[in-house]
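Worksheet for the structure shown next.
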Amino acid sequence: MTQLSYARRSAVVVILALLGLVLTGCDPQDETDTATGDVIVDVQGMTLGDAKDALEPTGLEVETSDITGEDRSVFIEQNWIVASQDPAAGEPVGDHTTITLTIGKEGETSTAPEPGAEASTVVVPEVLGMALPDAKNRIEDAGLDVELYDDTGEDRSVLWESNWSVNTQSLAAGEHAQPGQVITLGVLKDGERPSNANEDISATPPAPPPPPASEIEEEIARMDPETQTMINDATYLGTLELGGIDYGDEGTAIAAAHTLCGDLQAGTDPFAIRYAMIKSSMDRGAAVSGDEAQWILEAAAVAYCPDYVDAVVNSGTPR
C-alpha cells in the first residue's frame with residue numbers, strides 16, 4: 001500500500017469519526033422541540049372570547065372555571081375576563097391536551113382560600129328588613145351562601161325577588177361563620193306577617209292604611225299636559241335609577257317605555273314582553289336579567305300606563 005493510499009484512508013476515517021460525533025451529539029428530543037417550538041400563550045386579562053381565539057391554533061381544549069365557585073353559566077363570552085390559566089404561559093403545548101381558564105366578571109375576585117391556607121371565618125352581615133335582592137348580594141359578597149324560607153309557612157316559591165323582603169335570618173348579624181356557610185333567610189311579601197301560633201297579634205296594632213292615591217292622581221290630572229309629562233318622565237327615570245338600571249340616553253329610554261305600554265295596551269302578555277326585552281338585550285351584547293326586565297316593565301307601567309300595573313306585578317312567571 002502506497003503512502004498516498006494510506007493517507008487517504010486515514011483522512012476518511014477521521015471524517016467519519018467527526019460525523020459520528022456530530023450525529024451522536026444531537027438529541028432527537030431537542031430536534032423535535034426546535035421543530036415544533038409551540039408554547040402556551042399568556043391569555044390572562046383577556047376576555048374569554050379573545051382568549052379562545054388566541055388558543056385556537058394550539059389545538060388545546062378550553063375548559064372554564066368560575067372564579068366565585070358558583071358555576072355560573074356563560075352567555076356572552078366578551079363579558080368574562082380570564083383571571084388565571086392552568087397550565088401557565090410558556091409551557092410546551094405538546095405536554096397538554098386541555099387548558100383550564102379561571103374566569104369572572106370585571107372586578108370579581110375568588111372567594112376560595114389560597115391552596116394550603118386555613119379558611120378564616122367571616123362576619124355575618126345585617127340584612128333584616130332589606131329587599132331580598134339587596135340582602136342576597138350583601139350575604140354573597142361576604143362569602144356566604146343563601147337559602148330562602150317562606151316565613152308564612154306556606155312554602156311558596158320566590159319568583160320575583162324584588163317583591164320580597166327579609167323577615168328573619170338564621171345567623172344573627174355580627175356572628176362568625178365559615179366561608180360558604182348557608183344562611184337561611186325567612187322572607188315575606190310587603191305587608192305580610194309571619195305564621196306564628198304563639199304570636200300575640202293583639203299586642204301590635206296594625207299599621208294604618210296608606211292614604212288613598214286618588215287625591216294625588218286628581219291633583220296631577222288637573223295639571224297642564226306638559227307638567228304631567230315632566231312628572232311621568234321623572235317618575236320613570238327615577239324608578240330606573242332606584243333599581244340600578246343604566247338606561248343611557250333619556251329620550252331613548254322614555255321612548256322605549258312608551259313602546260312597552262303600547263304592547264301592554266295591545267294585549268301582549270307581560271311574560272312575552274319580558275322575554276323579548278331579554279332576547280333583544282342579549283343580541284345587543286348588554287344582557288339584562290329577568291328581574292331587571294321586570295323592574296323596567298313595572299316602571300313603565302307605573303309612569304305611563306298605570307291601568308296595567310296590577311297585570312305586570314302579578315304576572316308571576318319564573319326567571
Side-chain angles (χ1 to χ4, degrees), residues 79 129-138 158-166 187-192 206-319:
N79 291 346
M130 293 180 61
L132 179 54
D134 296 334
K136 286 183 66 177
N137 287 338
R138 179 171 292 186
V158 176
L159 301 178
W160 297 106
E161 294 183 351
S162 58
N163 295 338
W164 297 73
S165 58
V166 178
V187 295
L188 295 170
K189 290 189 175 182
D190 293 341
E192 290 181 336
S214 58
E215 296 179 7
I216 299 175
E217 293 173 353
E218 290 175 1
E219 183 71 23
I220 295 175
R222 286 194 292 268
M223 297 178 181
D224 61 274
E226 184 177 350
T227 303
Q228 292 180 32
T229 298
M230 290 175 59
I231 292 175
N232 292 339
D233 291 347
T235 299
Y236 176 64
L237 297 177
T239 304
L240 294 185
E241 291 176 0
L242 184 64
I245 306 297
D246 182 9
Y247 54 79
D249 178 70
E250 292 184 0
T252 302
I254 292 170
H258 285 291
T259 300
L260 295 176
C261 274
D263 291 339
L264 290 171
Q265 292 162 348
T268 306
D269 185 86
F271 172 78
I273 297 175
R274 287 193 301 270
Y275 177 82
M277 292 168 64
I278 295 170
K279 184 177 185 304
S280 175
S281 67
M282 292 179 65
D283 292 341
R284 297 194 308 270
V288 298
S289 67
D291 283 341
E292 289 171 332
Q294 175 70 6
W295 188 279
I296 295 169
L297 187 56
E298 287 185 15
V302 168
Y304 301 113
C305 48
D307 290 344
Y308 294 88
V309 170
D310 288 343
V312 172
V313 171
N314 296 320
S315 56
T317 49
R319 288 178 296 167

Please examine the side chains of [Y] and [X], heavy atoms only from C-beta on, and report whether any two atoms are closer than 4.5 Å.
X	Y	answer
Val313	Glu298	yes
Trp295	Thr239	yes
Ser165	Leu132	no

Sidechain-backbone polar pair: [X] side chain, [Y] backbone, donor-acceptor under 3.5 Å:
X	Y	answer
Ser281	Ile278	yes
Asn137	Pro133	yes
Thr259	Ala255	yes
Thr229	Pro225	yes

Which atom names give the shortest non-hydrogen contact between [X] and [Y], and what distance separates them?
X	Y	result
Ala253	Tyr236	O-CE2, 3.5 Å
Val302	Pro306	O-CB, 4.3 Å
Leu240	Ala299	CD2-CB, 4.1 Å
Met277	Val288	O-CG2, 4.3 Å

Check: Heavy-atom count around Asp249 CG within 6.0 Å, excluding the residue itself: above 12?
Finding: yes
Check: Any side-chain donor paired with an acceptor under 3.5 Å for Asp233 and Tyr304?
Finding: yes
How long is the span from the [atom1] atom in [X] to the [atom2] atom in [Y], to the nearest 0.5 Å?
X	Y	atom1	atom2	result
Ile231	Glu226	CD1	CD	11.5 Å
Ser289	Arg274	OG	CZ	11.5 Å
Asp263	Tyr308	CG	OH	11.0 Å
Cys261	Asn232	SG	CG	9.5 Å
Ile245	Glu292	CD1	CD	4.5 Å
Asp269	Leu264	CG	CG	9.5 Å

Checklist line | Pairing residues for Glu192 by the side-chain contact (heavy atoms from CB on, under 4.5 Å) criterion, not counting sequence neighbours | finding: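 Testing Glu192 for side-chain contact (heavy atoms from CB on, under 4.5 Å), a comparison that skips the adjacent residues, returns Thr152, Arg156, Leu188, Lys189.
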